[in-house]
Every structure is written in C-alpha cells, then in structure tokens.
Amino acid sequence: MNATTTAAPFADVRDDLVAIPGGTFLMGSPEDEGWRGQDEALHEVEVSGFFLAPFETTQADYERLMGSNPSATVGANLPVEGVTWYDAVAYCNALSAEAGLVPAYLIDGDSVTWGLSADGYRLPTEAEWECACRAGTTTPFNTQTSINADDEANYYGTYPYGIEENYFSQGSLETRPGVYRQAPIEPGGFAPNAWGLYDMHGNVAEWVWDYYGPYDEEARVDPTGAPTGALRVNRGGGWNDFAKSLRSAYRAALPADGSSPSVGFRVARSAQPRTGTVGAQAAQTQTAGGEVLVAFFSWGGNTRGIAQEIARQTGFDVVELECEQPYSSDYNTVLEEAQRDQNAQARPKLATRVDDMGRYGTVLLGYPNWWASIPMPVASFLEGYDFSGKTIVPFCSHGGGRFGQSVSAISKLAQNAAIGEGLSVHYSGGPGLADDVAAWLERNGVRR
C-alpha cells in the first residue's frame with residue numbers, strides 16, 4: 001500500500017483506536033489465488049486515513065451499552081457474536097452517544113443512513129476493512145501465503161489453506177492441520193498484523209458497512225459498496241471456518257437481520273469529515289405465502305434421514321436433488337470430486353426438476369456441509385429457479401463444522417429470498433433428532 005499523510009481534524013480521536021494510513025491498494029484477489037471467489041475482482045482502491053479498533057468488540061462492552069448479550073458462547077471478555085448488522089450499527093450509535101460524539105447513523109426501522117460528516121463510531125467499509133487487514137500485504141493472508149491455527153489465528157485448524165487439494169498427501173502443505181478450538185477466544189490471543197490489529201483473520205467474522213454486490217470498479221476512492229441490496233457483508237472468517245474463508249479477499253454475506261455464532265464486529269471512526277450521506281432503505285424481500293417444499297441433496301444418507309424426519313412430522317412435499325452424473329459411492333473418491341467441483345465452482349446438471357416451484361413459498365433446503373459450504377448440486381438448484389419472495393430455511397448435516405460458510409453461499413445465490421433460522425445436525429443427529437427438528441420447525445413458524 002502506498003501510504004499518504006493527511007491532517008485529522010477530529011482531534012479528539014484518542015480512544016485507543018489504531019490510525020490506519022490513507023493510500024491506494026489492490027482490493028480483491030488475483031485469478032491464480034487458490035479458492036478465490038468470482039466476486040473478488042482485483043481492482044485498485046484508494047482509501048482515506050481512518051481509525052479502527054485493535055480488537056473485536058467484547059461481550060462486556062456490548063452488554064454494558066445495549067443491556068443484552070446474544071452470544072452463543074458466553075464470556076465477558078470474549079467477542080460478542082450472534083449480533084445482526086442492525087445490532088452492530090445500533091451499538092456504534094450508542095457508543096457515540098456515550099462519548100458525546102455525533103452518531104454516524106440515522107436509524108429509522110430498516111432504513112439506515114450514514115452521515116459522512118459525523119465524528120462518531122461506525123463500522124468500517126469493506127474497502128477499509130480489507131486495507132486494514134492486509135496492512136500492506138498482497139498475499140492471501142496478512143501472514144503471507146498460509147496461516148497457522150496453533151499460533152496465528154483461531155479457525156477450524158483441521159483444514160489449513162490448501163488442504164482440499166492435498167487431503168490424502170499433505171507433505172506439500174505449507175501449514176499442516178492444527179488445533180480446532182470449536183469456540184471463539186478472547187481477542188488478542190495472537191500477534192497483531194503489521195499495523196497493530198488483532199484477529200483480522202478468524203475468531204469471529206466482522207460486519208462491515210457495505211451491501212453485498214459486485215465491486216464497482218469505477219468507484220476507486222473511498223468506495224462504500226452497492227447502493228442497495230438484500231445482504232450485508234462480513235469479513236475475516238470465524239472460529240469454525242476453513243482457512244480458505246479467512247483470506248483477506250474473501251467476502252461473506254448475510255441478511256442484515258441475520259446472525260451467526262461466528263460473526264461479530266469491531267468499530268471504526270473517520271479521521272476527517274466528508275460531505276453527504278450514504279445508504280437508504282434496504283432492498284425488500286417480500287415473502288409470499290404458498291406451500292412448503294423440502295428439497296435436499298444427500299450423499300451418505302445423513303441429510304436424507306433429516307429430510308425424512310421433517311416429512312414425517314409435517315407431511316410436506318419432499319424432493320431429493322440428484323445429479324445426472326452422480327458422485328462416486330467411494331468415500332475417498334467423492335472427497336476428491338467434491339473439492340474439485342467446489343474449487344471450479346462447477347454446476348453439475350441435475351436429474352431432478354421441480355416443475356411447479358411456483359406453488360411453494362417456503363423451501364426447507366438440506367445438504368451435507370462439504371468443505372465448509374454447500375455441495376455444488378445445491379448451487380445448481382438455487383440457480384435453476386427464481387427464489388424472489390420465497391423463504392429458504394437451511395438444514396445441514398456436518399462432522400463438526402456446523403454451517404461453515406454455507407448460509408452465506410445460499411444467501412449470495414438467492415439474494416432476493418428471505419433466509420430462515422437454520423438447523424445443523426451432527427452426522428445423523430442421534431436419538432434427539434426428532435425433538436431438534438420439532439423445535440426448529442416451531443422457531444421458524446413452519447407447520448402444515
């Protein structure tokens with residue numbers, strides 16, 4: 001990054017935030033970066049200097065101001081998680097009010113407007129976040145070309161960067177499999193990046209200001225994201241993500257009212273005032289009525305068993321998503337096939353066709369967690385129909401990674417659908433499956 005120096009008229013910024021220098025950097029990822037997404041187009045961006053918290057916001061800080069703690073893993077000094085994007089901007093305003101600063105956001109229901117002249121606390125933009133995370137690096141991580149779960153970041157350490165294509169021969173891996181802590185840890189447990197910021201990779205992913213959408217490569221100076229949208233971006237990956245989702249360029253997205261036990265935030269402040277406002281009413285996802293469909297993809301049978309339990313309790317229509325060319329029945333072979341298709345973002349052709357999709361207002365969508373995301377046949381299904389106005393309620397079987405980045409993947413492929421509360425089931429779910437399914441259906445208000 002080419003740093004520039006600017007005066008900071010907000011002279012009262014002395015609240016232990018880190019000064020991030022202004023300048024230009026390459027945002028996104030080069031085409032040869034492993035496991036890059038199609039939404040990571042490499043482009044040059046200039047950001048003005050700003051200030052960013054060195055640590056993720058803790059539960060103690062959040063509860064002191066907001067009076068509640070939504071976190072799944074409770075601990076005063078742990079990062080707050082389970083917060084929606086709306087929760088994060090409301091906290092920023094509350095923190096500004098406590099400090100006697102001008103709040104950055106005007107919040108009116110679902111409408112949030114950012115006043116660029118305000119000196120109060122706010123979320124970083126996506127460009128600011130990536131600039132700060134990289135701290136001058138151009139490699140996949142600010143730790144260069146790999147990241148170690150034992151002493152560099154808190155993530156699903158069993159799956160370091162590059163494991164997908166080296167699963168059966170790990171000798172060429174730069175970083176070998178490491179510890180999986182299965183929970184967030186106190187911020188600051190690892191060394192900071194070159195600019196003094198902790199846990200920019202892993203622990204909890206972090207909400208940023210921007211709507212999710214394609215990069216506007218013309219907006220090269222202080223970009224603030226798409227003008228409208230149904231999703232908000234979070235960055236950095238979390239404690240239950242594979243290393244590939246911790247990359248500096250990786251973009252996750254969820255509905256602004258959605259939450260995850262691995263998503264939190266950190267606060268920022270502007271170094272100098274700008275003019276104007278950004279933001280308005282979010283794109284509305286109007287949900288329609290209609291029948292409920294259970295659609296699922298299953299390889300080993302665990303997801304099929306969950307779908308069958310849902311059908312037993314509800315009597316909903318059920319369809320299994322089957323490929324014209326099925327994956328191998330051999331475990332080792334299907335692992336290679338699955339990672340090949342995911343790396344290529346392939347769209348296997350489905351033998352299954354739902355001719356009357358218009359009947360259904362809600363789709364309970366099931367799948368195994370493959371490589372911390374959805375299997376590519378599920379992506380084929382999502383791209384094969386218009387889900388605008390429908391509600392997608394995910395359920396998955398997993399071996400320890402819960403949802404990984406699968407809900408973000410669904411959200412990005414069906415941006416105009418509402419996303420319900422998901423159900424993650426460890427393998428086949430065991431004797432408690434029926435109760436778990438019943439409680440999940442009740443929480444989502446889904447009954448025949």
Side-chain angles (χ1 to χ4, degrees), residues 230 254-255 257-260 285-323 350-370 373-398 401-430 432-448:
L254 292 171
D257 60 357
S259 64
S260 165
T285 53
Q286 299 293 336
T287 55
E291 300 179 40
V292 180
L293 174 69
V294 182
F296 72 95
F297 171 79
S298 185
W299 178 78
N302 289 329
T303 309
R304 184 180 298 110
I306 303 167
Q308 289 170 343
E309 178 59 30
I310 295 169
R312 186 190 69 79
Q313 293 191 26
T314 64
F316 293 148
D317 293 346
V318 178
V319 61
E320 181 168 0
L321 306 178
E322 298 179 293
C323 298
L350 297 178
T352 306
R353 180 72 194 173
V354 182
D355 293 325
D356 52 353
M357 181 63 82
R359 289 172 47 201
Y360 302 105
T362 299
V363 178
L364 309 183
L365 182 60
Y367 51 90
N369 174 339
W370 275 9
S373 191
I374 54 173
M376 290 300 94
V378 175
S380 299
F381 173 70
L382 290 169
E383 291 184 345
Y385 304 91
D386 182 4
F387 286 90
S388 299
K390 299 184 187 298
T391 298
I392 298 174
V393 187
F395 64 95
C396 82
S397 58
H398 66 93
R402 306 188 194 186
F403 281 111
Q405 285 289 326
S406 64
V407 178
S408 177
I410 292 168
S411 298
K412 291 197 283 188
L413 289 170
Q415 293 187 36
N416 294 316
I419 307 297
E421 180 184 338
L423 172 68
S424 63
V425 176
H426 192 245
Y427 293 114
S428 62
L433 178 63
D435 290 341
D436 291 342
V437 166
W440 168 67
L441 292 169
E442 184 69 26
R443 289 195 300 273
N444 281 283
V446 179
R447 284 292 182 188
R448 177 172 287 281

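Source: prediction; values computed, not measured.
Arg304 CZ to Ser428 OG: the interatomic distance, rounded to the nearest 0.5 Å, is 13.0 Å. We find the CD-CG distance between Glu320 and Leu350 to be 11.0 Å, quoted to the nearest 0.5 Å. To the nearest 0.5 Å, atom CG of residue Leu423 and atom CG of residue Asn444 are 9.0 Å apart. Taken to the nearest 0.5 Å, the CE atom of Met376 stands 9.0 Å off from the CD atom of Glu383. Once rounded to the nearest 0.5 Å, the distance linking CG of Asp435 with CD of Glu309 reads 9.0 Å. Put simply, OG on Ser397 and CZ on Arg402 are 15.0 Å apart, with the number rounded to the nearest 0.5 Å.
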Report the C-alpha separation of Ile392 and Leu382 in whole Å, then their side-chain angles, then the decisive distance to 0.1 Å, and conclude whether the side-chain contact (heavy atoms from CB on, under 4.5 Å) test is met. CA-CA 10 Å; Ile392 298 174; Leu382 290 169; 3.9 Å; yes
Ile374 vs Leu413, side-chain contact (heavy atoms from CB on, under 4.5 Å): CA-CA, chis, key distance, verdict: CA-CA 11 Å; Ile374 54 173; Leu413 289 170; 3.8 Å; yes
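Closest heavy-atom contact between Val363 and Ala295: CG1-CB, 4.2 Å. In terms of heavy atoms, Phe297 sits closest to Pro368 at O-CD, 3.2 Å. The minimum heavy-atom distance linking Asp317 with Glu291 is given by the pair OD2-OE1, 4.1 Å. Taking all atoms of both residues into account, the shortest heavy-atom contact from Arg312 to Ala434 is NH2-CB, 4.2 Å. Nearest heavy atom pair, residue Tyr367 against residue Pro375, reads CB-CD, 3.7 Å. Across all their heavy atoms, Leu441 and Arg447 have their closest contact at CD1-NH1, 4.0 Å.
Of the residues listed (Leu321, Thr303, Ile306), the one engaging Ser298 in a side chain to side chain contact (heavy atoms under 4.5 Å, CB included) is Thr303, and it is the only one. Each of Arg359, Met357, Lys390 was compared with Leu293 under the side chain to side chain contact (heavy atoms under 4.5 Å, CB included) criterion, and only Met357 meets it.
Proximity of Tyr360 to Tyr385: side-chain heavy atoms (C-beta onward) are nowhere separated by under 4.5 Å. Here the side chains of Thr352 and Val319 are in contact, with some heavy-atom distance below 4.5 Å. Using a 4.5 Å heavy-atom cutoff, the side chains of Thr391 and Val446 are not in contact. Phe395 has its side chain within reach of Ile310: a pair of non-hydrogen atoms, C-beta onward, lies under 4.5 Å apart. At a threshold of 4.5 Å between non-hydrogen side-chain atoms, the residues Leu364 and Phe296 do not count as touching. Contact check for Ile419 versus Leu254: no side-chain heavy atoms found under the 4.5 Å cut-off. Side-chain contact between Asn369 and Ser406: absent, with no pair of heavy atoms (C-beta onward) separated by less than 4.5 Å. No side-chain heavy atom of Val425 sits under 4.5 Å from any side-chain heavy atom of Asp436.
Separation of the Phe381 and Phe387 ring centroids falls under the 6.0 Å cut-off.
Between the side chain of Trp440 and the backbone N or O of Ser424 there is no donor-acceptor pair closer than 3.5 Å. A distance-only check finds a donor-acceptor pair linking the side chain of Gln415 to the backbone of Lys412 [under 3.5 Å].
With sequence neighbours left out, the side-chain hydrogen bond (donor to acceptor under 3.5 Å, both in side chains) criterion links Ser373 to no other residue.
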